[in-house]
Amino acid sequence: MADRYEPSSFEAKWRQRWEEAELFSTRIEADKPKFYGMDFFPYPSGAGLSVGHCRNFVPTDVICRMKVMQGFNVLHPMGFDAFGLPAENEAIKRKTHPAPMIEQYAATYRRQMELIGISYDWDRSFSSSDPSYYKWTQWIFEILFKRGLAYRRMAAVNWDPVDMTVLADEEVIAGRAERSGALVEKKYIPQWFFKITDYAQQLIDDLDTVDWPEGIKNQQRNWIGRSEGVQFTIQIAGGTAGEYDAAENGFEVRRQERSLSFDVFTTRIDTVFGMTFCVLAPEHAIVEHIIASVDPEREEAIKAYQLHAKTLSDTDRQATNREKTGVFTGAYAINPANGKRVPIYLADYVLATYGTGAIMAVPGHDQRDFDFATKFGIDVIQVIAPVVHVTQPTPMTEPIEAKDGFLVNSGEYDGMPVAEAQKALGEWVEALDIGQRKIQYKLRDWLISRQRYWGCPIPVIHTKDGEMQLVSADCLPVELPQVDNYEPTGDGTSPLAHIPDFVNTTDLDGRLGQRETDTMGGFACSSWYFLRFCDPHNPAEAWDPQFANYWMPVDCYVGGAEHAVMHLLYARFWTKVLFDEGLVNVREPFQRLENQGQVLGYTPYRRPRADENLDLGTEGILITPAEAKELPEEDVFWRWARMSKSKGNVVTPDEAVGEYGADSLRMYLLFVAPFNADVEWKNEGMSSMGKFLSRIFRFIDEIKANYNPTWKDAIDFETLEGAAKDVRRATHQTIRDVSADIERFSFNTYVSWLMKYMNTLQDAMTKLKPAEDRAAALVLSEAADTMVMLLGPGAPHSSDELWSTLGHDGFTFHQRWPRFVEKLAAADVVTVAVQVNGKLRDTIDFPAGSPNSELEKVALESKKVQTHLEGKTVRKVIVIPNKLVNIVAN
RNA sequence: GCCCGGGUGGUGGAAUGGUAGACACAGAGGACUUAAAAUCCUUUGACUGAAAGGUCGUGCGGGUUCGAGUCCCGCCCCGGGCACCA
């Protein structure tokens with residue numbers, strides 16, 4: 001046994017013993033409470049783990065280990081989010097198949113997680129691409145389908161006309177395909193959606209029931225984007241209708257007598273008198289009928305504009321500060337409030353995907369409408385004044401929001417406050433039967449179709465008659481066929497569509513049918529894995545409700561804030577559907593959520609050369625450290641950037657453990673900064689953790705000879721005094737503070753308390769003589785046990801090594817977490833601050849619990865206080881027991 | 001523009017409205033050593049002072065309070081997310 005921390009001499013040994021003892025197997029014991037701690041499902045990339053990943057896993061491990069020691073049944077699982085575009089693209093690049101590649105990457109992840117001593121129950125592990133897992137992803141798809149929550153409709157995809165393939169949003173950069181550089185087009189194909197919008201309100205409401213960071217909750221609320229307003233119908237003046245359907249591509253197009261009409265949604269019905277034009281999204285189906293009913297000369301311009309809008313990607317179209325563009329349709333709409341004819345334009349700033357795809361434009365009170373009106377020379381009318389009956393000089397130079405203003409130029413509504421007018425005009429719309437008040441959400445249905453190979457197949461058969469049938473449950477899973485070539489095909493369909501053995505099948509009636517060939521996006525697979533962890537190898541069910549009901553909800557879910565919206569919203573949605581189906585007993589999957597900060601690596605960039613044609617604002621081009629060395633110093637600058645293999649700034653756990661030890665790495669990750677703060681990573685920090693651990697090893701080594709494992713029965717607290725009593729007090733204070741700080745995810749102070757405790761013990765060792773003094777030997781034995789136990793969650797290898805040094809068998813993991821005794825943690829002397837007029841003038845020691853009158857009396861007698869009271873009269877004395885006396889005088 | 005975080009010594013950071021700077025890192029000085037490493041001790045917010053002490057001090061300006069890093073109002077700066085959402 002060494003008197004210092006030498007990781008190479010014992011860390012691997014303990015990891016092996018843990019494995020042999022199956023230490024981390026999940027157990028359910030009847031009389032214990034449960035704790036479900038989980039990390040975000042990682043995608044196993046070929047780069048392996050960085051210390052950045054470890055910053056997620058280690059803290060979760062710390063709280064799970066403490067919970068085990070505190071007597072909880074703990075579920076602490078890990079699995080792999082293996083399906084998806086990155087895996088598929090990398091496999092294509094490496095000319096291999098994604099399945100074995102992912103398996104190999106996952107094995108590396110597991111090895112690295114084990115290397116840093118994370119207490120996962122690997123018996124429960126799986127990948128989302130395992131057929132035994134995605135069988136049940138398909139099964140849940142069928143539940144959604146049966147409940148009317150999975151449907152298929154035409155929708156736009158990003159189409160690369162050169163590579164002849166569908167692109168994910170992330171493969172489109174500034175409107176061009178990342179690989180081919182071609183201008184991306186929109187193409188309409190049938191796509192699968194989940195109807196998450198049915199749950200919009202519940203997804204907002206139930207945020208109040210979970211213990212999540214407020215910021216994440218707000219991001220979700222904003223994403224769902226509830227707004228209250230009025231939807232009403234606007235008539236097109238004098239337009240005659242051609243032949244058309246009632247609903248086209250999701251747009252309501254109605255024929256009323258001899259004219260056409262369309263619906264708009266507004267949150268500001270109070271401004272309806274200020275509507276001086278209308279705007280339709282270029283994709284709006286009514287445009288066809290307008291073309292038919294207006295001056296044919298305009299047709300060309302309208303169609304050209306529609307084509308222009310089509311070439312813009314969604315991201316591009318929503319780019320900031322774009323100049324407004326649009327085209328006049330030649331048609332006019334009737335403002336229902338005042339009967340005025342107003343022009344109808346097409347403009348891409350109106351989105352087909354939100355509201356009704358058409359707006360009433362009020363340039364006097366909306367920035368976008370104002371910009372558009374200014375450019376196209378349309379009237380701007382003020383209808384809201386900040387002060388009652390006071391209008392701005394015309395023409396208006398900027399739009400006025402004035403949510404608490406008063407109506408002007410609005411007929412009989414003039415002078416009415418905005419809030420009142422919204423109500424009155426809402427009622428007016430309803431009375432007129434042209435519309436109704438409505439709640440609108442920004443949230444859109446969740447598009448899950450991918451025209452890709454490496455995903456979970458959608459278990460649907462298209463029959464000869466064009467109907468859709470679910471694959472019967474006993475035929476699940478629909479397995480991905482093993483093929484050599486799974487690259488995207490040239491026609492936009494999934495590669496699966498070109499595998500006849502896969503496509504051709506029989507429907508439920510035994511007739512020939514064709515399988516659906518789209519696969520599900522990865523977010524589907526990660527929307528229920530926390531349920532499978534409860535019962536991971538069940539061949540007959542997705543999970544046995546007995547287990548899911550026991551473990552759910554996840555008590556503590558830990559991962560990066562980048563998943564604040566999508567993943568967390570989708571998982572919440574599936575859980576709610578499964579609740580409604582009676583398959584789970586919780587409405588929310590994750591009771592508590594914590595987001596770790598990022599780990600940043602020091603990263604070199606090259607300054608752009610003058611002749612380089614770059615996007616505006618590009619300050620530097622990422623280079624490797626090797627390249628940085630070759631360039632002249634003035635051309636290179638360094639920045640902190642998120643660790644990633646492509647940036648060449650990664651520190652791997654292998655390097656860190658090799659040089660400093662697993663426990664040093666773990667403790668440094670905990671100590672370096674608050675859990676949710678970003679960290680600028682410096683390897684040297686780990687060496688100070690090694691020093692700290694060495695001090696503990698030395699202390700245990702020194703006390704070993706006089707260690708008495710039966711201290712608990714032998715200590716007589718009442719007779720303790722001096723340094724021995726101080727040690728015992730520090731022991732119980734440390735237990736109290738460490739336990740509370742791990743619970744509240746304050747891991748940096750967890751480590752500080754241990755350091756402070758170590759300082760106390762080291763100091764005590766110089767004063768106490770445990771060899772001669774029985775009481776000293778006993779309190780130091782208690783301290784040794786306590787230090788080793790409290791160290792366990794953070795530095796488990798060292799903890800077990802020290803535990804065995806003290807002569808014990810087994811693992812600290814199975815020991816009882818120390819409990820503090822309030823009486824023993826309480827100080828018997830307190831230092832009281834004495835202030836005069838709020839300024840500190842003296843500090844005085846008192847026995848703890850001294851009465852206020854005593855504090856006041858002694859404080860007033862203090863010489864230092866007297867000096868500051870000279871020539872003044874005491875007006876008031878504030879006394880905070882055991883803390884402070886503030887004398888107010890003038 | 002909106003939403004969410006932040007702004008505290010040379011550095012990372014600590015602080016239920018109650019002694020700002022815990023715990024570390026780095027620095028300085030010292031002990032041990034032939035030397036180095038390791039370890040230990042002292043010291044380290046700024047200004048002032050021989051010292052005792054005093055004054056200032058948590059991005060800026062106000063406010064509430066006996067008392068503000070902490071609460072309120074108005075700004076500035078940094079980071080992240082979302083964004084033409086009618």
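Excluded from the calculations below are hydrogen atoms, water molecules and symmetry mates; all remaining heavy atoms, backbone and side chain alike, are included. Letters go in sequence order (proteins before strands), and every chain restarts at 1.
- Backbone-only contact: A:Asn748 has heavy atoms under 4.0 Å from sugar-phosphate atoms and none from a base.
- Across all strands, A:Arg226 comes closer than 4.0 Å to no nucleic acid atom at all (heavy-atom distances).
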Legend entry - Sequence-aligned protein contact record of nucleotides 39-49 of chain B, with B where the base is within under 4.0 Å of a protein heavy atom and S where only the sugar-phosphate is: SS---------

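- Under 4.0 angstrom from either OP1 or OP2 of B:rC56 there lies at least one side-chain N or O belonging to A:Lys839.
- The residue A:His868 sits close only to the backbone: its heavy atoms come under 4.0 Å of sugar-phosphate atoms, none of a base.
- In this entry the base of B:rG27 is anti relative to its sugar, with a glycosidic angle more than 90° from 0.
- Counting any heavy atom pair closer than 4.0 Å across all strands shown, A:Phe671 reaches a base atom.
- Nearest-nucleotide assignment on RNA chain B puts the 5′-proximal partner with A:Pro674, out of A:Gly225 and A:Pro674.
- The side chain of A:Trp223 has B:rC82 as its nearest neighbour among B:rC82, B:rA22, B:rG18.
- Counting any heavy atom pair closer than 4.0 Å across all strands shown, A:Asp371 reaches no nucleic acid atom.
- Between the CD atom of A:Glu6 and the P atom of B:rA37 there is a distance of 19 Å, given to the nearest Å.
- The CH2-C1' distance, from A:Trp681 to B:rG12, rounds to 13 Å in whole Å.
- In this structure, A:Trp640 places its CH2 atom 18 Å from C1' of B:rG80, rounding to the nearest Å.
- Closest approach to the A:Phe265 side chain among B:rC23, B:rA86, B:rC84 is made by B:rA86 (side chain taken as heavy atoms from C-beta onward).
- Two rings, from A:Tyr660 and A:Tyr668, have their centers 6.0 Å or more apart.
- Listed nucleotides: B:rA22, B:rU19, B:rG54. Nearest to the side chain of A:Gln835: B:rU19.
- Distances shorter than 4.0 Å separate some side-chain N or O of A:Arg841 from OP1 or OP2 on B:rG54.
- Under 4.0 angstrom from either OP1 or OP2 of B:rG5 there lies no side-chain N or O belonging to A:Asn218.
- Which of B:rC23, B:rA15, B:rC66 sits closest to the side chain of A:Lys876 comes down to B:rC66.
- Contact annotation for A:Pro213: no contact, since no heavy-atom pair falls under 4.0 Å across all strands.
- Note on A:Lys442: a base of the nucleic acid sits closer than 4.0 angstrom, heavy atoms only.
- For RNA chain B, the stems formed by at least three consecutive Watson-Crick or G-U pairs, with both atom-pair distances below 3.5 Å, span B:1-7 with B:76-82, B:10-12 with B:23-25, B:27-31 with B:39-43, B:45-48 with B:53-56, B:59-63 with B:71-75.
- With B:rC23, B:rC66, B:rC84 as the candidates, the nucleotide lying closest to the side chain of A:Asp348 is B:rC84.
- Side-chain polar atoms of A:Thr786 and A:Tyr757 form no donor-acceptor pair below 3.5 angstrom.
- Using a 4.0 Å heavy-atom cutoff across all strands shown, A:Lys682 reaches no nucleic acid atom at all.
- Between B:rG12, B:rA22, B:rC3, one nucleotide has an atom nearer to the side chain of A:Asn222 than all others, and that is B:rC3.
- When heavy atoms are screened at a 4.0 angstrom cut-off, A:Ser688 is found touching the sugar-phosphate backbone but no base atom.
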